[in-house]
Colleague: 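After the structure tokens below, expect a handful of questions from me.
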Amino acid sequence: MIFSLAIYGAPFSSQSSDTAYQFACALLEQGHSLHRVFFYHDGVYNGSTLATPPQDERNIPASWSQLAEQHGLDLVICVAAGLRRGMLDATESDRWEKPSHNLEQGFTLSGLGQLIEATMVSDRMITFGN
Amino acid sequence: MILHTVNRSPFGSDCLQSCLDIATIDSGVILIEDGVYCALANTELTELISTALTRHKIYVLSPDLQARGIADAVAEGIEAVDYAGFVELCTQFDKVVSWY
Amino acid sequence: MTEQQPDPKKILFLNRRAPYGSSLPREALDAVLMASAFGQEITLVFLEDGVFQLKKQQDPSNIEMKNFSKTFGALALYGVESVYVEQRSMEKRGLTLDQLLIPAKIIQSSELGALLEEQDQVLSF
Amino acid sequence: MLMVDGQTIPTDKEGYLKNLGDWSNTVATAIAQQEQIILTEQHWEIISLLRDFYQQYEVSPAMRVLVKTVGLQLGKEKGRSIYLMALFPESPAKVASKIAGLPKPANCL
């Protein structure tokens with residue numbers, strides 16, 4: 001079955017990205033396919049490569065990144081929601097003449113159309129709100 | 001048939017109530033995150049839950065129960081599942097609606 | 001730009017938050033406009049504090065925010081005509097249909113269950 | 001960046017105004033020039049329609065909606081994407097919004 005997930009909570013602030021991550025691992029383990037994980041609202045912070053939790057805590061952006069690498073996942077951060085909140089890749093940083101960028105490997109910035117497309121093509125769209 | 005997810009405690013949010021008001025008979029409800037407090041036995045919700053159980057299957061995410069120290073205080077009739085069980089439920093119902 | 005999709009899906013947007021205090025309502029509306037650009041069959045439902053999103057006379061200029069409530073007026077142009085407000089949510093908050101920005105249909109929570117069941121997907125905000 | 005009447009008007013790298021308040025007819029003409037468009041009466045009626053749309057709805061219309069609105073307000077002959085394409089080549093909703101001094105329409109994939 002084809003799943004997509006939408007995540008609206010910021011990591012370390014609400015549990016929603018933790019739940020979504022565990023859910024993603026479980027569905028992949030069962031052999032389902034994960035079409036896309038779409039990060040919207042405060043969920044965009046899941047893509048910050050600058051997240052620096054203490055060594056004895058989970059690093060959610062890094063976990064997503066590893067999972068994406070293992071399974072070739074499409075982790076999409078809504079570009080409009082991301083730019084507002086300071087989530088930039090090199091291209092956007094250059095475009096808006098900002099001093100730096102902070103997108104974790106494995107994530108891409110893209111339009112809200114990716115949420116709608118995922119909703120259309122997936123058998124199940126699961127929202128993890130905060 | 002819909003599987004509803006509820007992630008808020010019933011003691012400060014309308015999520016559970018709204019979800020139950022709307023859910024058609026035989027649809028499922030899974031309590032996750034702070035929503036697991038809805039599953040507590042011997043609270044002011046006992047009647048609401050027992051009525052709901054006559055219309056719906058209610059599930060609760062066990063890692064979230066365990067984390068909150070209430071794994072042994074779950075109302076009768078509510079079934080605990082792990083993440084794998086949560087995924088399976090999502091496949092058994094036609095779609096998933098989130099209440100948060 | 002967008003291409004017409006051959007097989008439109010029925011997508012329902014469930015709006016439960018009041019405007020301004022959270023950005024979810026505004027982001028939900030952006031998603032609705034996007035879904036319309038994809039030619040999907042869209043239904044909007046306003047429930048609980050979500051009904052406040054449609055209140056007339058919103059003016060957030062003194063809190064320096066955009067008045068996104070004006071965008072609701074464009075929904076018909078975007079082909080979104082199926083708009084519902086839940087009856088008890090309205091009643092509890094002392095709201096009547098004539099206080100709303102756009103024409104909306106009143107729906108009972110018992111009918112809302114059936115409406116949700118008819119959809120291909122439900123996105124909650 | 002644009003030079004208009006000896007004044008610099010800041011734009012982003014795609015040519016959209018950074019401060020929407022900087023817009024004037026002269027600024028519009030300068031933006032159009034950068035897009036290699038010479039504004040005619042037909043252009044101006046679309047620009048003014050777009051500005052009214054934004055004023056009323058606080059959003060720049062996506063292409064489909066622009067076509068529909070033009071059709072409703074300026075007649076069926078003009079409410080066709082081919083007509084708008086001829087005036088504002090490649091991506092009418094984007095190009096016309098840029099010249100009209102509006103934010104980039106968000107509804108682009």
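Atom set for the values below is all heavy atoms of this structure, side chains included, hydrogens, waters and symmetry mates excluded. Note that this is a predicted model, so its numbers are computed, not measured.
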Colleague: Would you say CG of C/Asn62 has more than 12 non-hydrogen atoms from neighbouring residues, nucleotides or ligands within 6.0 angstrom?
Modeller: no

Colleague: Is there a donor-acceptor pair under 3.5 Å between the side chain of A/Tyr40 and the backbone N or O of C/Glu27?
Modeller: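 Yes.
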
Colleague: Within the supplied structure, the quantity of interest is the number of heavy atoms (other residues, nucleotides, ligands) at a distance under 6.0 Å from C/Arg88 CZ; does it exceed 12?
Modeller: no

Colleague: Heavy atoms only, distances under 4.5 angstrom: which of A/Arg85, A/Arg124, A/Glu117 has the most pairs with chain C? Name it, please.
Modeller: A/Arg85

Colleague: For A/Gln30, does the CD atom have more than 12 heavy-atom neighbours from other residues, nucleotides or ligands under 6.0 Å away?
Modeller: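 Check passes, neighbour count above 12.
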
Colleague: Between A/Ile126, A/Ile116, A/Thr127, which shows the greatest number of heavy-atom pairs under 4.5 Å with chain C?
Modeller: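 Heavy-atom pairs under 4.5 Å are most numerous for A/Ile116.
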
Colleague: Nearest 0.5 angstrom please: C/Gln121 CD to A/Thr119 OG1, how far?
Modeller: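 Reported value, rounded in 0.5 Å steps: 6.0 Å.
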
Colleague: Counting N and O atoms only, with roles assigned by atom type, does the side chain of C/Gln40 sit under 3.5 Å from a partner on the main chain of A/Met120, one being a donor and the other an acceptor?
Modeller: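 Flag not set: sc C/Gln40 to bb A/Met120 has no pair under 3.5 Å.
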
Colleague: Is it the side chain or the backbone of C/Ile11 that comes within 4.5 Å of chain A heavy atoms, both, or neither?
Modeller: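 Contact with chain A: side chain only.
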
Colleague: Got more than 12 heavy atoms from elsewhere within 6.0 Å of CD, A/Glu57?
Modeller: yes

Colleague: Tell me whether C/Glu111 at atom CD has more than 12 heavy atoms from other residues, nucleotides or ligands lying less than 6.0 Å away.
Modeller: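 Correct, the count exceeds 12.
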
Colleague: Heavy-atom count check: over 12 atoms from other residues, nucleotides or ligands less than 6.0 Å from A/Lys98 NZ?
Modeller: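 No, because the 6.0 Å sphere around NZ of A/Lys98 holds 12 heavy atoms or fewer from other groups.
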
Colleague: Calculate, to the nearest 0.5 Å, the distance between atoms CG and OG belonging to A/Asp42 and C/Ser22 respectively.
Modeller: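 A/Asp42 atom CG to C/Ser22 atom OG measures 8.0 Å (nearest 0.5 Å).
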
Colleague: Report the distance from atom CG of C/Asp30 to atom CG of A/Leu115, rounding to the nearest 0.5 Å.
Modeller: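 Here the rounded value is 11.0 Å.
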
